[in-house]
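Have a look at the structure below, then the notes.
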Amino acid sequence: SSRTSTGAESAVSVLSAGHRRWAIRRQGCQSSLVAGASSSSQQLSQQQQQLEKPPGFSEREAPAKHPESTDGASLINKRGWEVALGPVRQLPMNIFIMWMAGNSLSIFPIMMVVMMFLSPVRALFSIKSTFAMIEGEQAALQKLAYLLGNVAALALALYKCNSMGLLPTFESDWLSFVEVPKRQELSGGGMLF
Amino acid sequence: MGINKNKFSFCMLIFLLFLQMYSVLALYEDEIGKHDWTRQFVGRVQHLEFDLPAGTTTRQRSQQLQGGSSSRRLFVATDHNVLAAIGLKSSRIIWRHFLEDAPVNGIKLCDGALFSMSNGLLRSWSTSRGILNYEISVQEQLEAKFAGSLACHEDPDDDRSLVFASTARRLVAVAPLTGALEWAANLDAGSGENHSEVTSFPNPDGLTVVTFDPTAGKMRLHRFGTESGVAKRTATVKAEWLTSLQRCAISVSTLACLDPAGSIRLLSLSSGSDFKPLPPSLAEQLGHAGPWQSVEEIGGQDLFQLTTNSGAVVAMLDASLATGPTGESLPAGSLLRYRGQVRFLLRQQGDGGGGVTLEASSSSSLVASNKISLSFASHHGRVSQLYPVTFVRKGGSSYGYRVVMTTRDADLHAFDDTGERQWMREESLAGIVSVEAVDLPSADEDELVTPGGSVFSSFAQRLSGQVHHFIHVLQHLMLCWRARPASQADSLGEFGYPDEAPAPPASAASSSGSGAGSLIRDEFNLHKLLVVATKDGKLAALDSATGRSVWRLMIPMPAAAAVAEGTAADSARTEARIEPLADGQMPLYIQRTTAHFPLEPMATVLCRDSSTGRPVLFSFNPITGIGIGLAQRLQSRLLQALLVPQPSHDNGQYIRPLMLLSDTLQVTLYPAKTALPHGFKSLNLYTIDRDNRLLQGYRLRLTEQQQQMSAISTWRLALHEPILVTAARRPTEQVHSVGRVLGNRHVLYKYLNPNLLAVATLAKDMVTPAPQIGDAYTQITIWLIDTVSGRVVASATHHHSSGPVSLVHSEHWLVYSLWNQKQRRFQLSVWELFAGNGLRDCMNATQPIVGKQSYILPAPVQHLAVSQTERGITAKSVLLALRSGGIMELSKAFLDPRRPFDMTPEFQEEGLMPYHPEVPMSTQAIVNYNQSLHRVEGMVTVPTGLESTSLLFVHGTDLFCTRVQPSKMFDVLKADFDYAFIAAVTIGMIIGSFVTQRLAARKALFRLWS
């Protein structure tokens, strides 16, 4: 029941937005008229009312279709998939950006890598609120897809780091932590005295 | 005409401008001498001539003497084969020439030019500038070792003078001015050509030449006139008892020789055909019966000085006269010299040196007979040679004289006729054999507390340390205050050689006043004290910042009581002195550093007593130069000694024990009370026996009493080839990284065995066919030996190569230079030892992977060294002492066996340079710019407190000290760093951020309101 109510609310908000848009348009029209001639504004409104209806215009209301009852779930699913596949959709774009950035260690590639890291991490941190938006029967799958998409983005960022040589994956990266072996035997000498 | 002149001057101007440009190629002018210093020496003086033969009777000479007193100079030939002119007033070197590696047989001033004889070559030099006038080869074919003799015949009646130069086989007479050969004569030296000796002396008619063949025991006399090379008289004299002409003295008409029993035999040069013994009547008359120790010619008129233990005799020994010799007796320890009409009698006071009295007396009324005392510090030892010179004072009314003398430590002193010392040259520093750098005491409080105590003991220690420190500072201030007027007074000469006045022995070695003031560690520990030991048994400390001697000290002889038990008579006969151990070694050991503040630092020198050959140990404070205890003579001979790198922490002494291995394989610790070092599985020692071409390793172990230590021989390695040089890693060397990162980001682990010893040996080359001209080729083999197990880790042979080889081993690499006989060029070869690619391989590696590569060095090299830094992070530089006198700093990256022929991006990533056979030599890499250093004997690098910087000290005939920065000064801001700008920007940013914050807040408030 809560799901339906949230759907209705959103529909209302769309409608109200339509009203306001229209109202603005009318207001704009009025103001332009005002700017043209203040005295003739009333005449004009009267003319408007007297104007003929355009051909094909009927006063009758259009037969209202009500798809919510049957297609509400599919909309929700569709919307859910949109949200869930958002990260995956970004991947090709990211791959292209990374390919363009190259493997040199300069400020722009580094910034890009950081951005690439930040966006999936941020998404993962706010995963709860994102999951709240996903509903429907396929919610679990969608959530998984969303998660996997983000993880893939992270993996991509990691791969980029690796190919840039920023990951300590080689022995050489740990070389400075290797202690010089301690001297076990003391030996010394030289030419015979 | 005028245009031409203008053009010419314009060209000249351009030329001069270019000259100016050249002088600033390498270094800014104001940087010269800022971080470096040079001191130039000549070495121990062996022959000395004053620029004008003094006291001669010729009138024109005395006129010259009167006129030219301002530019008077003395010419010296030294044991470093240096010929030099030294200003008699300024003590500066006016000119200096390094002759070939053959002893200078003599120098003579003749007809206004200086003549030198060495290596069978007679050379004439201009006295004013030291320009070589001409050179004459006395003998046609060159021999390995030349004996030579030089004499000048000046006839006062006619102006014809002749220079006689002779080797053992040939005599030439040369006109001094033109160099024209007047005549030549062959001398019959006998069969033992290479060992034959020659001596000569001018007589009124010409010259007497005596050659001696020690193998046949035959002596030949030749008397020549000035006109022709036909000998007026030749005679062969048998002298089988004589070992060398060194034991003889020749004069106008007599040859006096010392036989092995210590008696004098005389030979008349004009008529004699056999040696006659010294008439016993003379010895009786003089109160000395011998045995005689030495015989010397002193005055030029058949005057000889004969010395015994108890005294000396001066005798006129003319073997040809029927009347027999006459003479007079002198007190013990005197030296007599005649110069013209003035007779100098020099007498040493006491045994330890410190002062002599000089009596000048004359038959002429022009010289007032007087007695002066020449005083010098006791660390110079006794007088070893005296060179007086007389001259006519201005106006010609009276004679004056100067005395130049060398002391046992090889220093050169000049005194005037009031007994006041004019100058002193520290020629002893030309004979440095070992160097150790000592950190100056610091005021760092962390070092006042020693770790490992309880809280209360630490606190008490801290308090007492602070009190000590405070007292020390107070004393120091007092010293400074007291020394202030003194330091202003003793600014002598170019280096201000402050030589302390004679003082009681206890304080004689203390630092001079001006020195004490600056002996504090600086911020980056760049200022150190270089403690040096010279081959004459002298210790000195040089200030690394200025090169000044801070203190000097003669190693004292051990107490006489120890001698008495030995062969007292033998030791008394030959004068006992301190000398280096075999192979010229005189190791210095820093046993306690300055880091343990209330305890004073301690250094020990190991040397030898020349009379008994027994090793002598002497400990001293390296900062003050005051002996700690007495010198100690060891009862048994030593094979080797090993200084334990860590101090033993027992009873709070912090002394690094010195382990002495005796020839009976007993091991003793010095000082005796120190504990054994901990933390080692085994203690090992190795010895290199150059004579037997043998390397031997010993392991030290405790005997059952747990008190005594002994050594067992663990390995021996016979190389069967003459050992040229050896090199080992410095025990204190720090290695920072255990591996090398490759281009593919894998690691090549270094083979870091701290016990490796590199040995270079020479053998006959059996592989390369001999050249058509000259000797067969030789080959050099380099061995890398593990000194614990005796295993040869790696070896390689360079065919058709010969020395001089110089080796340097550091971290995991080895660099050496050698001469390629076939290609006729110097080569620099490098080995790098790697353990493998995996860390586990690295830890367990027994056999390294050796990478080798050789490079051509376009200049002859004398010595190699490597820069040392505190943590080993900085890249290493190899320092090459070139024969040309430069010290070149060469980055180790150039000497890399992995430099590839084909460059790949991977190699580029790694930072490797493509292989190029020649080592680049740029003038900017010469760290001593135009201050050429000759006869470099050794280079010492010392880490400083700055990781980027290491101190380099070069010794030889010249001393040089500078800072070396292989990776530039990465840890120090540049001198032109704009502090003000950076500070202004930072402050501006801070203020800006505050202001914008305030503005932003206001704007936000306004927005809310609107």
Side-chain angles (χ1 to χ4, degrees), chain A residues 20 23-24 27-28 31 94-114 116-118 154-193, chain B residues 581-585 587 606 608 615 637-645 659 661 677 679-692 696-698 700 723 726 728 731 734-742 744-747 749 752 754-755 757 786-788 837-839 842-843 872:
Chain A
R20 204 162 50 209
I24 288 164
Q27 263 185 348
S31 64
N94 277 349
I95 289 171
F96 179 72
I97 288 175
M98 284 178 349
W99 179 69
M100 289 297 283
N103 279 346
S104 63
L105 283 182
S106 55
I107 185 83
F108 283 104
I110 297 252
M111 269 165 67
M112 280 172 187
V113 167
V114 167
M116 248 179 290
F117 257 112
L118 277 184
L154 258 184
L156 189 69
L158 271 177
Y159 171 75
K160 179 68 183 168
C161 272
N162 188 33
S163 59
M164 283 174 84
L166 292 174
L167 290 190
T169 50
F170 286 92
E171 260 180 288
S172 57
D173 302 311
W174 303 97
L175 186 65
S176 48
F177 299 100
V178 178
E179 292 265 314
V180 176
K182 205 172 164 264
R183 198 169 184 169
Q184 296 287 313
E185 291 127 336
L186 181 65
S187 180
M191 288 287 172
L192 216 57
F193 282 165
Chain B
L581 298 162
D583 222 41
Q585 303 176 85
L606 188 57
R608 189 163 70 175
R637 281 171 200 282
L638 291 184
L639 293 181
Q640 251 300 330
L642 172 64
L643 183 72
V644 179
M659 295 192 284
L661 176 67
F680 293 109
K681 267 188 201 163
S682 65
L683 302 171
N684 302 276
L685 260 168
Y686 63 87
T687 59
I688 304 159
D689 189 347
R690 213 191 268 264
D691 300 334
N692 298 322
Q696 247 180 310
Y698 301 93
L700 313 188
I723 296 169
T726 63
Q734 290 286 328
V735 178
H736 180 252
S737 174
V738 294
R740 225 180 119 160
V741 182
L742 302 180
N744 58 8
R745 302 179 61 208
H746 287 285
V747 179
Y749 284 95
L752 291 169
N755 304 319
L757 173 76
D786 186 323
T787 55
V788 173
N837 275 105
L839 185 58
C842 159
M843 294 306 172

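Per chain, numbering begins at 1; letters A, B, ... match sequence-line order.
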Out of B/Thr726, B/Asn755, B/Val644, B/Val741, which one racks up the most heavy-atom pairs below 4.5 Å with chain A? B/Asn755

B/Leu757 versus chain A, the contacting section by heavy-atom distance below 4.5 Å: neither

Can you name the one residue among B/Asn684, B/Leu683, B/Leu642 that meets side-chain contact (heavy atoms from CB on, under 4.5 Å) with A/Ser187? B/Asn684

For the student: nearest non-hydrogen atoms of A/Glu171 and B/Tyr749, plus distance: OE2-OH, 2.9 Å

Write down the atom of A/Val180, the atom of B/Val738, and the distance for their closest heavy-atom approach. CA-CG1, 3.6 Å

Please report the closest heavy-atom contact between A/Ser172 and B/His746, naming both atoms and the distance. CB-O, 4.3 Å

Does any part of the side chain of A/Met191, heavy atoms only, come nearer than 4.5 Å to the side chain of B/Thr687, both counted from C-beta? no

Measure distances from B/Pro615 to the heavy atoms of chain A and classify the residue's part below 4.5 Å as side chain, backbone, both or neither. neither

Heavy-atom cut-off 4.5 Å, strictly under: side chain, backbone, both or neither for B/Leu581 against chain A? side chain

Check whether any side-chain heavy atom of A/Phe193 sits under 4.5 Å from a side-chain heavy atom of B/Gln585, and report yes or no. yes

Leading residue by heavy atom contact count with chain B [cutoff under 4.5 Å; candidates A/Asp173, A/Leu175, A/Leu192, A/Leu186]: A/Leu186

Against A/Glu185, only a single residue in B/Asp786, B/Val788, B/Thr787 fulfils side-chain contact (heavy atoms from CB on, under 4.5 Å); can you say which? B/Val788

Select one option (side chain, backbone, both, neither) describing which atoms of B/Asn744 are under 4.5 Å from chain A's heavy atoms. backbone

